[in-house]
Structure formats: C-alpha cells, structure tokens
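Below, each value reflects all heavy atoms present in this structure, side chains not excepted, and no hydrogens, waters or symmetry copies.
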Amino acid sequence: MDANLILLIVQVVAALGVVISVVYLGVQIHQQNEITKAQFGHSLTQRQYERYFHTAKDGNYAEFLAKDWSSDSLSDGDRWRAAMFIVMCLVDVFDVYEKVKKGFVDKKHLDIRMNALKFGTMKTDKARSAWDFWKTTRDQDFINWFESEIYGEGQLDADELLDQTKGGSFKASIR
C-alpha cells in the first residue's frame, strides 16, 4: 500500500474520531443540563413541601397563617412575622422567576407560587408595603409582570375557583 493512502486513511479515521467525540460531548452536556434542571425543580418543590409540612405540623404556625393580616388587632410580633413571611414569599418568587427566565425550571414552579399569592397574601397593606420596598431591587420588566399578575385584571378568585370545581368536592376538601 502506498504511504499516502495510509496517511489519508489515518487522517479520515482521526477526523471521524473528532466528530464522534464532539457529538458525544454535546450529548453529555445536554444530559447534564437536563439533570441540573431537574435538580433545580426538585429543590424548588422540596422548598414548597417543607412549607406545607411545617404548616401541617405546627399548629401555632397554621393559626398564624390563618389570621387576618389586615386586622388592627395583630400583635407587634404577629405583624413582624407576617412581614417576614411576605418577604420570604417575595424572595422565593424572585428566585423562581430568574430560574424560569434562564430556562432552568418549568414555569409551573412560578405559577403555583403566584397563584398562592393571588389568593390574598399580596392584597394586604402589609404585603403592598413590603412589595413597594423590595421592588426597588428588581428590573422594570419584573415589576411590570409582577404587578400585572398580582394587582392587574384577570385575578384568581378563590370563591369562583371553588364554584367551578365539579360537585364542590374541592370546596369541601379545603374548608
């Protein structure tokens, strides 16, 4: 065999090896991105479950969450606790919004948090004050989106949602 032919075969095999390596690397990067996205989603879900579990486990905490936060009869401690709960919810939404915007998690993680806030938490004066303070840390696109979602048209109405469920089974299960 001619030396040039052998050299050509070696170069073709080497080029195919490079192409296969690049394709393999691309597949590995894609898989790692999917794993990272799943881990972010799991982390966000776990954070939510921990709040639910804490509420179910701690009667005092559940009683606090059930209070009318717009009431003038709240103690100073309860007003502070309410403010810190609202800040926690806002910071959580900020975090999830950024992760959704970057494509790290599905929008459903953000939707569930926003739906919970629309049912009343963000309608109180305390929440509005907290939002007015914290919104200075956000960009205008986020501010417009958040205020439209929370204070804009087409808001979730808990009673309307309950009436739409079949046979009132949802209503019975949450009351």
Side-chain angles (χ1 to χ4, degrees), residues 32-165 170-175:
Q32 187 58 46
N33 286 344
E34 291 299 313
I35 290 168
T36 302
K37 187 175 178 178
Q39 287 172 332
F40 276 132
H42 175 74
S43 170
L44 293 176
T45 300
Q46 186 65 31
R47 204 161 62 189
Q48 197 81 5
Y49 287 159
E50 285 174 12
R51 287 187 205 133
Y52 296 153
F53 179 70
H54 186 69
T55 303
K57 179 179 81 169
D58 185 343
N60 290 334
Y61 186 67
E63 286 293 326
F64 163 71
L65 290 178
K67 288 184 179 186
D68 177 4
W69 292 358
S70 61
S71 169
D72 292 333
S73 66
L74 288 179
S75 69
D76 290 341
D78 281 346
R79 280 194 292 281
W80 181 252
R81 286 173 69 192
M84 291 302 101
F85 181 85
I86 293 163
V87 167
M88 176 204 61
C89 290
L90 288 173
V91 170
D92 187 47
V93 167
F94 299 161
D95 180 43
V96 176
Y97 179 86
E98 290 299 321
K99 283 180 174 60
V100 168
K101 193 172 175 183
K102 292 177 181 176
F104 292 158
V105 295
D106 294 329
K107 190 174 178 296
K108 67 183 177 186
H109 292 285
L110 183 58
D111 292 343
I112 196 164
R113 286 159 171 80
M114 292 302 290
N115 287 342
L117 294 178
K118 290 176 190 180
F119 274 132
T121 301
M122 291 306 296
K123 305 297 185 187
T124 65
D125 290 339
K126 287 168 188 46
R128 185 61 195 223
S129 295
W131 166 242
D132 286 342
F133 175 79
W134 278 89
K135 78 179 185 180
T136 61
T137 67
R138 311 312 303 169
D139 63 48
Q140 193 60 47
D141 287 340
F142 179 87
I143 293 169
N144 293 342
W145 170 81
F146 185 83
E147 289 183 349
S148 172
E149 288 286 317
I150 297 296
Y151 305 113
E153 295 296 316
Q155 296 302 300
L156 284 177
D157 180 341
D159 292 328
E160 182 178 320
L161 182 63
L162 292 173
D163 290 340
Q164 290 175 2
T165 60
F170 181 68
K171 183 184 257 185
S173 70
I174 66 166
R175 288 191 185 210

Check ion pair [X]-[Y] (N to O, under 4.0 angstrom):
{"X": "Asp92", "Y": "Arg51", "result": "yes"}
{"X": "Asp125", "Y": "Arg128", "result": "no"}
{"X": "Lys57", "Y": "Glu50", "result": "no"}
{"X": "Lys101", "Y": "Asp141", "result": "no"}

Determine the minimum heavy-atom distance between [X] and [Y], stating which atoms define it.
{"X": "Val105", "Y": "Val96", "value": "CG2-O, 4.4 Å"}
{"X": "Thr124", "Y": "Thr121", "value": "OG1-O, 3.3 Å"}
{"X": "Ala127", "Y": "Met122", "value": "CB-CA, 3.6 Å"}

Would you say that [X] contacts [Y] through its side chain, given a criterion of any heavy-atom pair below 4.5 Å between the two side chains?
{"X": "Phe85", "Y": "Met88", "answer": "yes"}
{"X": "Tyr61", "Y": "His54", "answer": "yes"}
{"X": "Gln48", "Y": "Arg113", "answer": "yes"}
{"X": "Phe146", "Y": "Leu90", "answer": "yes"}
{"X": "Trp134", "Y": "Ile86", "answer": "no"}
{"X": "Lys118", "Y": "Asn115", "answer": "yes"}
{"X": "Phe142", "Y": "Lys135", "answer": "no"}

* Do any N or O atoms from the side chain of Lys123 and from the backbone of Ile150 form a donor-acceptor pair under 3.5 angstrom? ->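 At least one qualifying donor-acceptor pair exists.
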* Backbone of Leu74 reached by a side-chain donor or acceptor of Lys67 within 3.5 Å ->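 Pair absent, no side-chain N/O of Lys67 close to backbone of Leu74.
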* Quick one: sort the Trp145 and Tyr97 rings into parallel, tilted or perpendicular, breaks at 30° and 60°. =>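 It falls in the tilted class, 30° to 60°.
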* Taking the inter-plane angle between the rings of Trp131 and Phe94 on a 0 to 90° scale, is it parallel (under 30°), tilted (30 to 60°) or perpendicular (over 60°)? ->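 Tilted, since the angle between the ring planes falls between 30° and 60°.
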Spacing of [atom1] belonging to [X] relative to [atom2] belonging to [Y], to within rounding of 0.5 Å:
{"X": "Asp106", "Y": "Lys37", "atom1": "CG", "atom2": "NZ", "result": "5.0 Å"}
{"X": "Ile35", "Y": "His42", "atom1": "CD1", "atom2": "NE2", "result": "14.0 Å"}
{"X": "His109", "Y": "Lys107", "atom1": "NE2", "atom2": "NZ", "result": "12.0 Å"}
{"X": "Ser43", "Y": "Asp95", "atom1": "OG", "atom2": "CG", "result": "8.0 Å"}

* **Residues which pass salt bridge (Lys or Arg N to Asp or Glu O under 4.0 Å) with Arg79, listed by chain and number, not counting sequence neighbours** =>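 Arg79 satisfies salt bridge (Lys or Arg N to Asp or Glu O under 4.0 Å) with Asp76 once adjacent residues are dropped.
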Should the heavy atoms of other residues, nucleotides or ligands under 6.0 Å from [atom1] of [X] be counted, would the total exceed 12?
{"X": "Gln46", "atom1": "CD", "result": "yes"}
{"X": "Asp68", "atom1": "CG", "result": "yes"}
{"X": "Ile143", "atom1": "CD1", "result": "yes"}

* **Pairing residues for Asn60 by the side-chain contact (heavy atoms from CB on, under 4.5 Å) criterion, not counting sequence neighbours** =>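 Checked Asn60 against side-chain contact (heavy atoms from CB on, under 4.5 Å); matches are Asp58.
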* Is the NZ or CZ atom of Arg81 positioned over Phe64's six-membered ring, under 6.0 angstrom from the centre and within 45° of the axis? ->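 Yes.
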